[in-house]
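Throughout, protein chains are lettered first and strands after them, A, B, ... in sequence-line order, and every chain is numbered starting at 1.
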2 protein chains.
Amino acid sequence: MVVTTPKHSGHEHPRPRSAAVVDDIIAQLCDLGYRDTEPRRLVISAVAAQSRPFTAEELCSALPCVGRATVYRGLRLLVETDQVCRILLEDHELRYQLSQPGHHHHLLCGVCGASADLEGCGAEDLLREAAAAAGFRMKGHLLEVYGECVECVED
Amino acid sequence: MVVTTPKHSGHEHPRPRSAAVVDDIIAQLCDLGYRDTEPRRLVISAVAAQSRPFTAEELCSALPCVGRATVYRGLRLLVETDQVCRILLEDHELRYQLSQPGHHHHLLCGVCGASADLEGCGAEDLLREAAAAAGFRMKGHLLEVYGECVECVED
DNA sequence: ATAGTTTCCGAGACGGAGTATCATTATGGT
DNA sequence: ACCATAATGATACTCCGTCTCGGAAACTAT
Ligand SMILES: [Mn+2]
Ligand SMILES: [Mn+2]
Ligand SMILES: [Zn+2]
Ligand SMILES: [Zn+2]
């Protein structure tokens, strides 16, 4: 499964910076047995181009040439393979963001919509203990932090 | 489809335990300017009768004589007035449960579906500090704990 | 390259969940 | 009893995500 050049169809565009990210993710997907397809690359590319957490529908709008079902399927695959995080806003709106793999949480700014990763905050152990005190065996958790980011606080 | 008497039918039922709960919640709603209506009482009564977190649709099924919109409105009112908690399961299913007012979280058993309240676990302060370290001003958070309850662990 | 196998795509149908509409009814204050 | 208005409920609607299925594309084997 060598991940070489994506098939160009037509003109020779200068490679966007995100191309490396796309190649990297495609490579991982190929290792898992998924195929290297043009629509898939387009979805990954659009995901990588977002600077803020985005909704699935926003992604669809950004990809008018890709079928809606394909966008949703691609997004789901990226979440399942831990390339993209699902983010839950305070109003229960579901958003997504390209993310480092591994367990972490998000600091979500209600003003500008930005998201910052938060890891190793130690809350997990505390929770596990508190749960254990009630005889409860913690096996997972959902945690989102809402507030204002550095830049928005300064204004 | 006249629903039979709210107060008393011909027979003398011993008042269910939940009647006190219903009266109590209705009283609070009246203080806020909401009216004491039969459908509202039915919704509250059905909510109080649930032993596990329930979905809105389950509540609708349990109340075939109350309009679906009314059930949803009643549920929303109870959430807004902090009588009922919204609970988010791991698969993102939204459930509800009668609850004590005030800030707390939930220990959710994935085996039997039970929910236990968790308060004062100290995770909030820890989170606020961790967020502050990144210049982020925490103003709220969403936290659900998933695992197995005492009874289910023992099996 | 060619042919064959299987995944993938995409237009559209579908389904669940919650909300909006609006004519009608019930409630609570006077 | 009367009235203003809050609440109800049938229904239509929106939103979001999944399913279906015929056709296309991607990999594999020859
Ligand atoms: Mn993330
Ligand atoms: Mn609760
Ligand atoms: Zn911000
Ligand atoms: Zn249990």
Side-chain angles (χ1 to χ4, degrees), chain A residues 1-10 23 25-27 29-46 53-81 84 86-89 91-96, chain B residues 1-7 25-27 29-46 53-81 84 86-89 91-96:
Chain A
M1 305 17 166
V2 183
V3 171
T4 48
T5 73
K7 324 293 192 210
H8 297 195
S9 59
D23 286 344
I25 293 179
I26 283 285
L29 293 180
C30 285
D31 286 346
L32 294 170
Y34 296 100
R35 293 184 178 174
D36 178 358
T37 72
E38 188 56 24
R40 198 111 82 191
R41 280 181 177 273
L42 288 172
V43 169
I44 298 170
S45 179
F54 55 90
T55 66
E57 290 299 329
E58 282 169 8
L59 204 62
C60 288
S61 300
L63 291 167
C65 297
V66 179
R68 216 169 70 96
T70 301
V71 172
Y72 273 93
R73 279 186 291 238
L75 208 40
R76 195 201 312 157
L77 181 59
L78 292 173
V79 170
E80 285 167 357
T81 57
V84 164
R86 304 181 76 163
I87 290 177
L88 211 56
L89 265 42
D91 61 1
H92 284 204
E93 186 181 54
L94 185 57
R95 288 183 171 262
Y96 299 86
Chain B
M1 51 130 252
V2 175
V3 177
T4 49
T5 90
K7 324 291 183 188
I25 293 178
I26 283 285
L29 293 180
C30 286
D31 286 346
L32 294 170
Y34 297 99
R35 291 183 179 175
D36 178 357
T37 71
E38 186 54 27
R40 198 111 83 191
R41 281 182 177 270
L42 288 173
V43 169
I44 298 170
S45 179
F54 55 91
T55 65
E57 289 300 328
E58 281 169 9
L59 203 62
C60 289
S61 300
L63 291 166
C65 298
V66 178
R68 216 169 71 95
T70 302
V71 172
Y72 273 92
R73 280 187 291 240
L75 208 41
R76 194 200 313 158
L77 180 59
L78 291 173
V79 170
E80 285 168 357
T81 57
V84 163
R86 304 181 78 165
I87 290 176
L88 211 55
L89 266 40
D91 62 2
H92 285 203
E93 187 182 54
L94 184 58
R95 287 181 171 264
Y96 300 85

Query raised in the report: For the pair made of CZ in R41(A) and C1' in dC8(C), what is the distance, rounded to whole Å?
Result: 15 Å
Requested in this report: Provide, to the nearest angstrom, the distance between the CZ atom belonging to R40(A) and the C1' atom belonging to dA25(D).
Outcome: 12 Å
Check nucleotides 27-30 of chain C against the protein and report each pair of N or O atoms closer than 3.5 Å, with its distance, or say if there are none.
from	atom 1	to	atom 2	distance (Å)
dT27(C)	O2	R35(B)	NH1	2.8
dT27(C)	O2	R35(B)	NH2	3.3
dG28(C)	OP1	D36(B)	N	3.1

Requested in this report: Would you mind reading off the distance between L63(A) atom CG and dC9(C) atom P, rounded to a whole angstrom?
Outcome: 12 Å
Query raised in the report: Should I87(A) and L94(A) count as side-chain neighbours, where that means a heavy-atom distance under 4.5 Å?
Result: no
Report task. Measure from CG on L42(B) to C1' on dA7(D) and round the result to the nearest Å. Result -> 14 Å
**Report entry** Where T70(B) and P39(B) come nearest, the two heavy atoms and their spacing
**Finding:** CG2-CB, 3.9 Å
Query raised in the report: So, does R86(B) use its side chain to make a donor-acceptor pair with the main chain of V79(B) at under 3.5 Å?
Result: no
Query - Main-chain N/O of R41(B) paired to S45(B) side chain as donor or acceptor, under 3.5 Å - result: no
Query raised in the report: Any side-chain heavy atom of L88(B) within less than 4.5 Å of one from L88(A)?
Result: yes
Report task. Can you spot which of T37(B), I25(B), L63(B) makes a side-chain contact (heavy atoms from CB on, under 4.5 Å) with V43(B)? Result -> L63(B)
Report task. Look only at the side chain of R68(B) and the backbone of C60(B), and say whether a donor-acceptor pair between them is shorter than 3.5 Å. Result -> no
Query raised in the report: Rounded to whole angstroms, how far apart are CG on D91(B) and C1' on dG17(D)?
Result: 14 Å
Report summary line: Minimal heavy-atom distance between T55(B) and Y96(B), with the atoms involved, is C-CD1, 4.4 Å
Query raised in the report: Roughly how many Å is it from CG in L32(A) to C1' in dT6(C), rounded to a whole number?
Result: 17 Å
Report task. In whole angstrom, give the distance that lies between atom CD1 of I44(A) and atom C1' of dC8(C). Result -> 14 Å
Report task. Take nucleotides 14-21 of chain C nucleotide by nucleotide from the 5' end and write B, S or -, depending on whether a protein heavy atom sits under 4.0 Å from the base, only from the sugar-phosphate, or from neither. Result -> ---SBBBB
